[in-house]
Number of protein chains: 2
Amino acid sequence: MQGTVLSTMFAFMNVENAKAQMRKGILELCILGIIEKEKEAYPSDIIQIMKKAEIIVVEGTLYPLLSRLKKGGLLQYKWVESNSGPPRKYYTLTGEGSQYYLELKASWFNLSESVSKIIK
Amino acid sequence: MQGTVLSTMFAFMNVENAKAQMRKGILELCILGIIEKEKEAYPSDIIQIMKKAEIIVVEGTLYPLLSRLKKGGLLQYKWVESNSGPPRKYYTLTGEGSQYYLELKASWFNLSESVSKIIK
DNA sequence: AGACAGTACCTTGCAACACAAGGTACTATT
DNA sequence: AATAGTACCTTGTGTTGCAAGGTACTGTCT
């Protein structure tokens with residue numbers, strides 16, 4: 001059972017977990033980026049687009065994040081009827097949101113540059 | 001006091017916080033990168049090098065992270081006497097650590113590429 | 001009409017993690 | 001003896017991503 005204890009204790013120490021850690025923090029950036037590019041998007045849209053770009057995001061992550069951005073005044077939404085199911089919440093950027101996105105994008109490029117300096 | 005409540009509630013919704021979120025998750029990568037490049041490094045070294053690259057990391061973050069990497073078998077250390085204070089813990093990569101670092105670096109480039117696809 | 005599948009929304013509880021704040025201990029200088 | 005400088009480390013807190021579970025609407029097939 002010692003083996004089990006050890007492998008349980010250090011289960012976190014693997015590349016998959018580290019990759020997950022790296023993904024965190026860029027989700028906000030990506031979501032704002034998608035809404036900006038698409039002009040408007042509803043959650044399932046966003047999940048699909050990110051999946052295509054090979055960044056997996058799930059509902060339990062996305063909904064609270066969208067709510068946060070809405071509460072923060074960066075996003076707004078409107079309900080739109082769908083002819084294939086329940087109505088959808090289409091999110092768009094507010095003026096403040098656009099501004100915020102620009103700053104965040106700049107930060108990403110800076111960070112990216114800094115990391116390159118260190119690891120190349 | 002309503003104003004205070006609101007500004008406290010949404011204090012998190014700013015670019016500085018988001019930048020901090022983005023930094024998280026790349027720290028492990030950067031630290032391994034520094035140790036790999038320098039062959040060996042002690043914590044204050046690492047803090048200084050990262051500061052130069054404009055990625056701020058503090059002791060309360062670094063020490064637990066180094067311990068995790070040590071426990072995970074990716075790092076090892078040796079004590080080295082200093083003539084300007086207490087002895088230093090010099091960290092080096094283990095074989096497993098080098099392998100892990102390569103994988104993590106590859107993940108970073110993939111992620112970086114994915115983000116570019118989305119936000120450009 | 002009733003059952004199902006598909007789509008969409010949302011919440012709760014947990015675990016990981018960065019960080020602020022505080023602490024200990026050694027050396028050299030004043 | 002006191003101080004400044006360097007180095008190590010721990011505790012507690014807040015934010016967050018995510019697994020798991022739940023509700024509700026629409027159209028289709030018996």
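Each chain gets a letter, A, B and so on, in the order its sequence line appears, and its residues count up from 1.
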Considering only heavy side-chain atoms of B:Leu27, the closest of C:dA8, D:dA7, C:dC19 is C:dC19

Using the six-membered ring of A:Tyr77, assess whether NZ or CZ of A:Lys89 lies under 6.0 Å from its centre and within 45 degrees of the ring axis.
yes

Using whole Å, what does the distance between atom P of nucleotide C:dC19 and atom NZ of B:Lys19 come to?
13 Å

Expressed as a whole number of angstroms, how long is the span from A:Lys24:NZ to C:dC19:P?
14 Å

Provide, to the nearest angstrom, the distance between the CZ atom belonging to A:Arg68 and the C1' atom belonging to D:dT16.
6 Å

What's the verdict on side chain to side chain contact (heavy atoms under 4.5 Å, CB included) for B:Ile31 and B:Leu62, showing C-alpha distance, side-chain angles and the deciding distance?
CA-CA 9 Å; B:Ile31 287 162; B:Leu62 188 57; 3.3 Å; yes

If the cut-off is 4.0 Å, is B:Arg23 near the phosphate of C:dC19, judged by side-chain N/O to OP1 or OP2?
yes

What nucleic acid atoms does A:Gln21 come within less than 4.0 Å of, heavy atoms only: base, sugar-phosphate, or nothing?
sugar-phosphate

D:dC9, OP1 or OP2 - any side-chain N/O from B:Lys89 closer than 4.0 Å?
yes

Categorize A:Thr61 for me: base, sugar-phosphate, or nothing, with a 4.0 angstrom heavy-atom threshold over every strand shown.
base

Atom CD1 in B:Ile119, atom CD in A:Glu36: separation rounded to 0.5 Å?
10.0 Å

May I ask you to evaluate whether B:Ser44 reaches the phosphate of D:dC8, defined as a side-chain N or O under 4.0 Å from OP1 or OP2?
yes

Send over the distance from B:Asn83 CG to D:dT6 P, rounded to a whole Å.
13 Å

Side-chain N or O of A:Tyr63 closer than 4.0 Å to phosphate OP1/OP2 of C:dC10
no

Between B:Pro86 and B:Gly60, which is nearer to the 5' end of DNA chain C once each is assigned its nearest nucleotide?
B:Gly60

Compare the minimum distances between each of C:dC9, D:dA19, D:dT6 and the side chain of A:Val58, then state the nucleotide with the smallest one.
D:dA19

Round to a whole Å and report the spacing from CD1 of A:Ile47 to P of D:dC18.
11 Å

Expressed in angstrom and rounded to an integer, what is the separation of B:Ile46 atom CD1 from C:dA18 atom P?
14 Å

Cut-off 3.5 Å, side chains only: do B:Glu38 and B:Tyr90 have a donor facing an acceptor?
no

State whether the distance check finds a donor on one side and an acceptor on the other, under 3.5 Å, for side chain A:Glu59 versus base D:dC18.
no

How many Å lie between CG on A:Leu62 and C1' on C:dC9, as a whole number?
11 Å

Between A:Met50 and A:Leu27, does a side chain to side chain contact (heavy atoms under 4.5 Å, CB included) hold up when you go through it step by step?
CA-CA 10 Å; A:Met50 292 191 71; A:Leu27 291 177; 3.9 Å; yes

Using heavy-atom distances to pick each residue's nearest nucleotide on DNA chain D, tell me which of A:Ser82 and A:Pro64 is more 5'.
A:Pro64

Sugar-phosphate only, base, or nothing, as touched by B:Ser84 at under 4.0 Å among non-hydrogen atoms
sugar-phosphate

Is the shortest side-chain N to carboxylate O distance from B:Arg88 to B:Glu81 below 4.0 Å?
no

Interatomic distance where OH belongs to A:Tyr91 and P belongs to C:dA8 [whole Å]:
14 Å

Report the nucleotide, chosen from C:dC9, C:dT11, D:dT16, that has the shortest atom-to-atom distance to any side-chain atom of B:Asn17.
D:dT16

